[in-house]
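Written out below as C-alpha cells is the structure these notes cover.
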Number of protein chains: 2
Amino acid sequence: MTQTQFRYCGLNVALKTLTGKWKPMILFHLFRTEEIRFNELWRIIPKVSKKVLLQQLGQMEEDGLLIREERKGFPPEVYYRISEKGRALGSVLAQLEAWANTYAPQQVQQVFDSEKHVPSFD
Amino acid sequence: MTQTQFRYCGLNVALKTLTGKWKPMILFHLFRTEEIRFNELWRIIPKVSKKVLLQQLGQMEEDGLLIREERKGFPPEVYYRISEKGRALGSVLAQLEAWANTYAPQQVQQVFDSEKHVPSFD
DNA sequence: TATCCGGGTTACCTTTTGGTGACCTTCTTG
DNA sequence: CAAGAAGGTCACCAAAAGGTAACCCGGATA
C-alpha cells in the first residue's frame with residue numbers, strides 16, 4: 001500500500017525519460033508550439049550539435065513523449081509534436097519549475113544568465 | 001508572464017538535483033524513515049558502492065535536499081534526513097511516480113523485477 | 001551539370017558518471 | 001596489543017553522455 005508516499009521504481013523510470021542535457025528545453029518548445037520542424041528547433045536551441053539533438057528527440061520518441069511525423073515532400077519535412085503521454089507531464093513539469101524558482105532562485109537565475117548571449121526568442 | 005506553462009530554466013535546475021543513479025532510491029528512504037544512518041542506508045540499498053553513495057548524498061546535501069548530522073560519539077554516527085526543501089518535492093515526486101505507473105507500467109515493472117533478487121525490505 | 005537544402009548517419013574524441021579495492025582515523029573491545 | 005566498527009578518502013578503471021566534422025540521400029533549382 002502506497003499511502004501518500006511514492007515508490008522509487010516509477011520515479012526512476014520518469015526521471016530516466018526526462019534526463020538529457022537538452023530535453024527540458026525541447027519539452028519547453030514542444031509545449032508552446034503545437035508542432036515544430038527539425039531545423040527550426042535546431043536553430044532555436046542555441047548550441048546543440050545536430051547529432052545530439054537528433055539523439056535526444058529519438059529517445060523522447062522511443063519513450064513516447066513526442067510524435068515524429070515525416071511528411072513526404074520536396075525537401076523532407078519532419079515535424080515533432082508533444083504526445084498525450086508527454087502532455088500529461090505538463091503540470092508536473094510546471095511544479096518542478098515552481099519548486100526550483102522557490103527554493104533555488106539563484107541557480108535558476110544562473111542558468112538563465114548563462115543563456116543570455118543567445119539569439120533571444122521573442 | 002508564464003501562463004500555465006513552464007520555462008525550462010527552473011526545470012533544468014530541478015532535474016539536475018534529481019539526476020543520479022541512486023537518488024530516487026535515497027529520496028524514497030529519506031521520505032519513509034525520518035532519519036537514517038549511513039551504514040544502514042548502505043546495507044539497505046542493494047549494490048551501490050560506498051563511494052558513490054557518499055557522493056550522491058554529498059550532492060544532495062549541497063543541493064539542500066537533505067541534512068547531514070554528525071553526532072559525536074564512540075563509533076561515529078552520521079544521520080541523514082530530508083530537509084524542508086526536499087520535503088517540498090514530495091507531491092511532485094509522487095506525481096512523477098503516478099505518471100510512470102500510468103503511462104509506462106511495463107517499464108516500471110521491469111525496474112521492479114530487476115531488483116527482486118535483493119534482500120527485500122520488510 | 002553543379003549546388004543547395006532538409007534530415008540523418010558515422011567515426012572519432014572529451015567529459016561525466018559510476019564502480020572497485022585499498023587505506024585512514026578514532027574509539028572500543030577481546 | 002590486535003582487531004573491529006563507522007564514516008570517509010584516494011588512485012585507478014569502465015561505461016555513458018555529449019561534442020565536432022565529414023559525409024550520404026533525394027529532389028529542386030541555378
Side-chain angles (χ1 to χ4, degrees), chain A residues 8 12-13 15-27 29-30 33 35-63 65-81 111 114-115 117-118, chain B residues 8 12-13 15-27 29-30 33 35-63 65-81 111 114-115 117-118:
Chain A
Y8 59 90
N12 247 321
V13 170
L15 288 174
K16 212 173 313 171
T17 78
L18 290 174
T19 290
K21 189 163 175 188
W22 305 100
K23 287 183 187 175
M25 198 133 139
I26 294 171
L27 282 169
H29 288 295
L30 292 181
T33 51
E35 73 177 16
I36 189 165
R37 294 180 59 176
F38 177 77
N39 264 356
E40 206 178 337
L41 198 53
W42 194 33
R43 270 191 302 271
I44 259 179
I45 297 191
K47 316 152 79 138
V48 211
S49 63
K50 198 197 272 198
K51 192 198 78 174
V52 174
L53 181 53
L54 235 12
Q55 165 179 300
Q56 308 233 335
L57 287 168
Q59 292 169 13
M60 292 170 78
E61 195 197 1
E62 271 185 41
D63 290 334
L65 292 186
L66 58 77
I67 291 162
R68 176 179 173 284
E69 186 188 345
E70 194 165 340
R71 292 187 200 150
K72 293 289 180 186
F74 338 12
E77 295 183 6
V78 177
Y79 289 87
Y80 294 91
R81 58 180 201 278
V111 172
S114 74
E115 289 171 10
H117 49 73
V118 147
Chain B
Y8 59 91
N12 248 320
V13 171
L15 288 174
K16 211 173 315 171
T17 77
L18 290 174
T19 291
K21 189 162 173 188
W22 305 99
K23 287 183 188 175
M25 198 132 140
I26 294 172
L27 282 168
H29 288 295
L30 291 182
T33 51
E35 73 178 17
I36 189 166
R37 294 182 60 178
F38 176 77
N39 264 354
E40 206 178 336
L41 198 52
W42 193 32
R43 270 190 303 272
I44 259 179
I45 298 190
K47 315 154 80 140
V48 211
S49 63
K50 198 197 273 197
K51 192 198 77 176
V52 172
L53 181 54
L54 236 10
Q55 166 179 299
Q56 308 233 335
L57 287 168
Q59 292 169 13
M60 293 170 79
E61 193 197 1
E62 272 185 41
D63 289 335
L65 292 185
L66 58 77
I67 291 163
R68 175 179 175 284
E69 186 189 345
E70 192 164 342
R71 291 185 201 152
K72 292 292 180 185
F74 340 11
E77 294 183 6
V78 178
Y79 288 87
Y80 294 92
R81 58 179 199 279
V111 172
S114 73
E115 290 172 9
H117 49 71
V118 148

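So you know, we letter chains A, B, ... as the sequences are listed, proteins then strands, and number each from 1.
- Counting only heavy atoms from C-beta outward, the side chains of Leu18(B) and Lys23(B) never approach each other to under 4.5 Å.
- Spacing between atom CZ of Arg71(B) and atom P of dA5(D) amounts to 22 Å, rounded to whole angstrom units.
- Each of Leu41(A), Asn39(A), Ile45(A) was checked for a side chain to side chain contact (heavy atoms under 4.5 Å, CB included) with Arg43(A), and the lone residue meeting it is Asn39(A).
- Contact between the side-chain N/O atoms of Asn39(B) and the OP1/OP2 oxygens of dG7(D) is found at a separation under 4.0 Å.
- Contact check, Lys21(A) against dG19(D): a side-chain N or O comes under 4.0 Å of OP1 or OP2.
- Residue Glu77(B) is classed as a sugar-phosphate contact, given heavy-atom separations below 4.0 Å to backbone atoms only.
- Proximity of Gln56(B) to the phosphate of dG18(C): a side-chain N or O atom is located under 4.0 Å from OP1 or OP2.
- At the heavy-atom level, Tyr80(B) lies under 4.0 Å from the strands shown only through sugar-phosphate atoms.
- Here the P atom of nucleotide dA17(D) and the CG atom of Leu15(A) are 14 Å apart, to the nearest Å.
- At whole-Å resolution of the value, CZ in Phe38(A) and P in dG6(C) are 11 Å apart.
- With rounding to whole Å, Arg37(A) atom CZ is found 7 Å from dG6(C) atom P.
- Contacts of Trp22(A) with the nucleic acid, taken as non-hydrogen atoms under 4.0 Å apart, involve only primed sugar atoms and P, OP1 or OP2.
- Taking atom NZ on Lys51(B) and atom P on dG21(C), their separation rounds to 13 Å, with Å as the unit.
- What separates NZ of Lys72(B) from P of dA5(D) is a distance of 22 Å, to the nearest Å.
- Atom CE of Met60(B) is separated from atom P of dT17(C) by 15 Å (rounded to the nearest Å).
- Closest contact between the side chain of Pro75(A) and the listed nucleotides dG6(C), dT20(D), dG8(D) involves dG6(C).
- The distance between atom CD of Gln55(A) and atom P of dT9(C), rounded to the nearest whole Å, is 10 Å.
- Here the side chain of Trp42(A) pairs a donor or acceptor atom with the backbone of Val48(A) at under 3.5 angstrom.
- Heavy atoms of Gly73(A) sit nowhere under 4.0 angstrom from any nucleic acid atom.
- A heavy-atom distance below 4.5 Å is found between the side chains of Ile44(B) and His29(B).
- Closest-nucleotide positions on DNA chain D for Pro76(A) and Val48(A) were compared, and the one nearer the 5' end corresponds to Val48(A).
- In this structure, the side chain of Glu35(B) does not engage the main chain of Tyr79(B) through any donor-acceptor pair within 3.5 Å.
- For Leu54(B), the side-chain atoms get nearest to dG8(D) when compared with the rest of dG8(D), dG6(C), dA6(D).
- Judged by distance alone, with hydrogens and angles left aside, Lys47(A) brings no side-chain donor or acceptor close enough to the base of dG19(D) to form a pair under 3.5 Å.
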